[in-house]
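Starting from 1, each residue takes its place in the sequence as its number. Because only heavy atoms are used, hydrogens play no part in the values below, and waters and symmetry mates are left out as well, while side chains stay in. Note that the structure is a prediction, hence the values are computed from the model and not measured.
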Amino acid sequence: AVERFAARIGAAKSPVLLVGEEVARFGLQDAIRRLMATRTIPAFMTVLGKGALSETSPGILGVYAGVLSASPAARVAVEASDLVVMLGSQVTDVSCGVFTADLDPGRLLIAKCDWVGDGASRFEGRISFPRFVEALAARVPAGAPRGWSAPPRPRPGDSLMDRYMAAIDHGLAADEVLVTDTGDSTYGSLVVRPRRDRGYLASSFYNTMGFAVPAALGAALAEPGTRP
């Protein structure tokens, strides 16, 4: 499976990575960056994967989720790619932008816990997702170095929520973790750029009301030097 993924990535003209929540869960951020560096492959995050990687790092271009994408340009970049490599992402209504994600199965590779394949079929039986990602980062053939594209930024809006999120994004510090409650706080903050890996926490799957306060306390206890 590693060889098949590496060959497809090596042959693609405009591949992108779509990074999910399992990358953060298994601490695979460095492996993802090594994979990106092989061929200057940009990375987008799913709604559930947001926060896995710092969105101010080179090549990290925001959130893709169909109509919920952080910007129209982010949506176009992913859906126009000739190869989308989904890594560690569970396919749900949320990660698919309420089923508006337009991803051609013929241009899709998928690797997650216990499942590796393309948009049509599974390649082989159960695998270790962390080992697979590490092996893939070491196996993809190097391409000619290129500069990273600038992250697409949403057009500033005039609504109160747009101004509120822009102020949060402007003031977010490198040691801070953004913790959001459900609703507007979660989906409005998809445009905010965490400055650190694991810099964003949200109950994006269950949309649990009352999540933010206990999650902030948990983050502070887990990393005493962190400022939620």
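- Listed for the Arg39 side chain is a donor-acceptor partner under 3.5 Å among the backbone atoms of Pro141.
- Hydrophobic clustering places Val98 together with Val63 (ILVMFWY residues linked when any side-chain heavy atoms are closer than 4.5 Å, directly or through intermediates).
- Going from atom CE of Met165 over to atom OG of Ser159 covers 9.5 Å, rounded to the nearest 0.5 Å.
- Side-chain contact between Arg8 and Val85 is absent, with no heavy-atom pair separated by less than 4.5 Å.
- Side-chain atoms of Asp82 do not come within 3.5 Å of backbone N or O of Ala12 as any donor-acceptor pair.
- A continuous path of hydrophobic side-chain contacts links Val133 to Ile9 [ILVMFWY only; heavy atoms under 4.5 Å].
- Glu79 and Thr100 get closest at one heavy-atom pair: OE2-O, 4.2 Å.
- Here Arg195 does not pair with Glu176 in a salt bridge; the nearest charged N to carboxylate O distance is not below 4.0 Å.
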Inset, instruction - Apply the test side-chain contact (heavy atoms from CB on, under 4.5 Å) to residues Asn207 and Tyr187: give CA-CA distance (whole Å), side-chain angles for both, the deciding distance (0.1 Å), then the verdict. - result: CA-CA 10 Å; Asn207 288 303; Tyr187 298 102; 3.0 Å; yes
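- With side-chain heavy atoms closer than 4.5 Å counting as contact, directly or through intermediates, the hydrophobic cluster containing Leu103 also holds Val16, Leu18, Phe44, Leu61, Tyr64, Val78, Val84, Met86, Val91, Leu108, Ile110, Trp115.
- In this structure, CD1 in Ile32 is found 5.0 Å from CG in Leu87, a value given to the nearest 0.5 Å.
- Here the side chains of Phe5 and Val116 are in contact, with some heavy-atom distance below 4.5 Å.
- Here the closest heavy-atom approach between residue Phe129 and residue Ala111 is recorded as CE1-O, 3.3 Å.
- A distance of 10.5 Å separates CG in Leu172 from CZ in Arg196, rounded to the nearest 0.5 Å.
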Inset, instruction - Would you sort out whether Arg227 and Asp175 count as a salt bridge (Lys or Arg N to Asp or Glu O under 4.0 Å), showing the intermediate values? - result: CA-CA 6 Å; Arg227 183 183 174 190; Asp175 64 338; 5.8 Å; no
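- More than 12 heavy atoms of other residues, nucleotides or ligands lie within 6.0 Å of CZ in Arg122, so this atom counts as buried by the packing criterion.
- Across all their heavy atoms, Ala219 and Leu201 have their closest contact at CB-CD1, 4.0 Å.
- Both Val47 and Tyr206 are members of a single hydrophobic cluster when ILVMFWY side chains are connected at heavy-atom separations under 4.5 Å.
- Side-chain atoms of Leu109 and Leu83, non-hydrogen and from C-beta on, do get closer than 4.5 Å to each other.
- Looking at residues two or more places apart in sequence or on another chain, you find no salt bridge (Lys or Arg N to Asp or Glu O under 4.0 Å) involving Arg198.
- For the pair Ser95 (side chain) and Gln90 (backbone), a donor-acceptor distance under 3.5 Å is present.
- Once rounded to the nearest 0.5 Å, the distance linking CD of Glu22 with CG of Leu28 reads 9.5 Å.
- Counting only N and O atoms by type, the side chains of Thr182 and Ser203 include no donor and acceptor under 3.5 Å apart.
- Atoms NZ and OG, on Lys50 and Ser204 in that order, are 9.5 Å from each other to the nearest 0.5 Å.
- Linking ILVMFWY side-chain heavy atoms closer than 4.5 Å, directly or via other members, places Met45 and Ile168 in two distinct hydrophobic clusters.
- By the side chain to side chain contact (heavy atoms under 4.5 Å, CB included) test, Phe205 is found to be paired with Leu48, Thr92, residues two or more places apart in sequence or in another chain being considered.
- Under the 4.5 Å side-chain heavy-atom criterion for ILVMFWY residues, no single connected hydrophobic cluster contains both Met209 and Met161.
- Scanning all heavy atoms of the two residues, the minimum distance from Tyr200 to Pro194 falls at CB-CG, 3.8 Å.
- A donor-acceptor pair is defined here as one N or O able to donate and one able to accept, closer than 3.5 Å; no such pair exists between the side chain of Ser189 and the backbone of Val192.
- The shortest heavy-atom contact between Arg139 and Ala6 is CG-CB, 3.8 Å.
- No side-chain heavy atom of Val19 sits less than 4.5 Å from a side-chain heavy atom of Met36.
- To the nearest 0.5 angstrom, Leu136 atom CG is 8.0 Å from Thr38 atom OG1.
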Inset, instruction - Carefully, step by step, assess Arg126 and Asp114 under the rule salt bridge (Lys or Arg N to Asp or Glu O under 4.0 Å). - result: CA-CA 4 Å; Arg126 298 179 65 179; Asp114 298 329; 3.4 Å; yes
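- Scanning all heavy atoms of the two residues, the minimum distance from Ala137 to Ala31 falls at CB-O, 3.6 Å.
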